[in-house]
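Okay, so here's the structure we're looking at.
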Number of protein chains: 2
Amino acid sequence: MTTPYNINDYQNPLFTVDSVLFTIKNNALNVLLVKRANQPFIDHWGLPGGFVDINKDTSTDQTALRKLKEKTNVSPLYLEQLESYSGHERDPRGFSVTLVYFALVPEQAVSTHIETVDDVKWIEVNSLNTLSIAFDHAYIIQQAKTRLQQKALYSMTPVYCLPPCFTIGQFKQVIEAIIEKTIQRKTLIRRIEASDMFETIDKKVKSGGRLAQVYKIKPGVDIVNFERNLSI
Amino acid sequence: MTTPYNINDYQNPLFTVDSVLFTIKNNALNVLLVKRANQPFIDHWGLPGGFVDINKDTSTDQTALRKLKEKTNVSPLYLEQLESYSGHERDPRGFSVTLVYFALVPEQAVSTHIETVDDVKWIEVNSLNTLSIAFDHAYIIQQAKTRLQQKALYSMTPVYCLPPCFTIGQFKQVIEAIIEKTIQRKTLIRRIEASDMFETIDKKVKSGGRLAQVYKIKPGVDIVNFERNLSI
DNA sequence: TTTAATTGTGTCTTAGGGACACTAAAAAAG
DNA sequence: CTTTTTTAGTGTCCCTAAGACACAATTAAA
């Protein structure tokens, strides 16, 4: 029953790390796609990612960050594991496993770099069906979107789609773009106060009407989770 | 141990699948541990798991289920991915990635099989420090416990630690063992009704006082999530 | 000066968990 | 046989935070 361990008895699956990097652009949820330079699915658009480099990476988190930095020139403010996907069918080269992260970044942080290259672009998640996407990445993006929507209902996570200084109006727009539903401004204000994550800065900013108070994240605070969801 | 050069080993990290299988035993959260038959950490206790067998497994889910069935002789009722853990330090053989699942099973379903073997056992999660655990598995078990506790606050997931027919009193004990806090019986009854996941069966059962109504899960229903957490 | 737009406040409603009293029914104690 | 103990189940009030929405404040545009 117990044969001695030998690593060569097993064929290792193909293991990659991919990231779903989201941002809000034009009041819509966008995902970063990369034009594939290699087979399989050459010239198709897919998620940024690749193989672990065990000489450079101290963990798969580092792999995800390294690949994202290669494509966007910045590290995302928020990164967490989504899930891994595996099977014989998802990659023509054979049984494969991809560990998928999902990440958030404010659009301004990467816009200048993205505009200088033509193999990296933002695409609206709701327009994904107009492209032919590599592997099962279209499905993975949908899963990541669902997870982000859930998190937006019970946490302050969407703040990582905002620049360092922001107004409540901007925050509300980001949340609404993610959950695809309007929320009460009052509810957001109550949550901002209850979370104690933010501080006002001595500045107001034009917004088309009355000047808006500017907020920023208090240094060193963790993301706050709430006990109730926003209603769906 | 000297492994011959293998191109796959060089490109790919060591990839394994492990599972944190929980049950409730004696009103306490228990985890299934397996005595390791091989290096590294031979004779230490660790999580059930191993390498993907790409000839047998259609996905990593199947790997987890196959390994659990080897050790317990049953498939768990509940299985989901927890997270993956990676790094150079966690396995002396080099950079490794383990994809960890967490699973729930009623104790009765596996007790007879467990008692016949001596390399598999249940151990109370709160007594883990009395054993020396392989790899970073002690840490992983703590992470899985935290995740299970969170899920118990907003979902009916703990029901998978119960046998097919159960009383509200048993359900309450399972939840309380998981979250390590008492809950209001009334709250559980309200959630059972609101979820519409259960039906009463025409049977009552002794419980030390008044006879208790027996419930079971309606066939084909999905686990229900609530919009509010139980208070912590 | 008026109107429109956006920010910010006040407050009532609503849903669901927390608490707890009270009744029901069965077993154990006397 | 009666009383006590134990667990099951119900009724109901409280509390908190989200939803709804009116209304005041402030700015720009018409």
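Just so we're on the same page: letters track the sequence lines, and every chain starts at 1.
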How do B:Leu211 and A:Gly209 order along DNA chain D: which one's closest nucleotide is nearer the 5' end?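 On the 5' side of the pair lies B:Leu211.
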Walk along nucleotides 16-23 of chain C from 5' to 3' and tag each nucleotide B, S or - by protein heavy-atom contact under 4.0 Å, base first, then sugar-phosphate. BBBBB---
To check you understand the geometry: which heavy-atom pair defines the closest contact between [X] and [Y], and what is its length?
X: B:Lys172; Y: B:Gln184; result: CE-C, 4.4 Å
X: A:Gln213; Y: A:Thr200; result: NE2-CB, 3.3 Å
X: A:Glu124; Y: A:Asn30; result: N-OD1, 3.4 Å
X: A:Ser155; Y: A:Arg191; result: N-NH1, 4.4 Å
X: A:Val74; Y: A:Ala109; result: CG1-O, 3.6 Å

Would you check if there is a donor-acceptor pair between the side chains of B:Ser231 and A:Glu227 at a distance under 3.5 Å?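 On atom types as modelled, these side chains do not qualify, holding no pair under 3.5 Å.
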Quiz question: by atom type and distance under 3.5 Å, do the side chains of B:Thr60 and B:Tyr101 form a donor-acceptor pair?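 Side-chain D/A pair, B:Thr60 to B:Tyr101: present.
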Whole-Å gap separating [atom2] ([N]) and [atom1] ([X]):
X: B:Gln213; N: C:dA25; atom1: CD; atom2: C1'; answer: 14 Å
X: B:Arg185; N: C:dA24; atom1: CZ; atom2: C1'; answer: 12 Å
X: A:Lys204; N: C:dT6; atom1: NZ; atom2: C1'; answer: 12 Å
X: A:Leu188; N: C:dT7; atom1: CG; atom2: P; answer: 11 Å
X: B:Ile189; N: D:dT12; atom1: CD1; atom2: P; answer: 16 Å
X: B:Ile192; N: D:dA8; atom1: CD1; atom2: C1'; answer: 13 Å
X: A:Ile175; N: D:dA18; atom1: CD1; atom2: P; answer: 11 Å

Which pairs, with at least one residue in residues 216-226 of chain B and sequence neighbours excluded, count as a side chain to side chain donor-acceptor pair (under 3.5 Å)?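 Sorted result for residues 216-226 of chain B: B:Asp196-B:Lys218, B:Glu199-B:Lys216.
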Which of residues 151-171 of chain A have a heavy atom under 4.0 Å from DNA chain C?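 When residues 151-171 of chain A is checked for heavy atoms under 4.0 Å from DNA chain C, the hits, listed by number, are A:Gly169.
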Where does the angle between the aromatic ring planes of B:Phe171 and B:Phe166 fall among parallel (under 30°), tilted (30 to 60°) and perpendicular (over 60°)?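 Rings of B:Phe171 and B:Phe166: perpendicular, as their planes differ by over 60°.
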Which residue, A:Gly208 or A:Glu193, contacts DNA chain C at a nucleotide closer to its 5' end, judged by nearest heavy atom?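 The residue whose closest nucleotide sits nearer the 5' end is A:Gly208.
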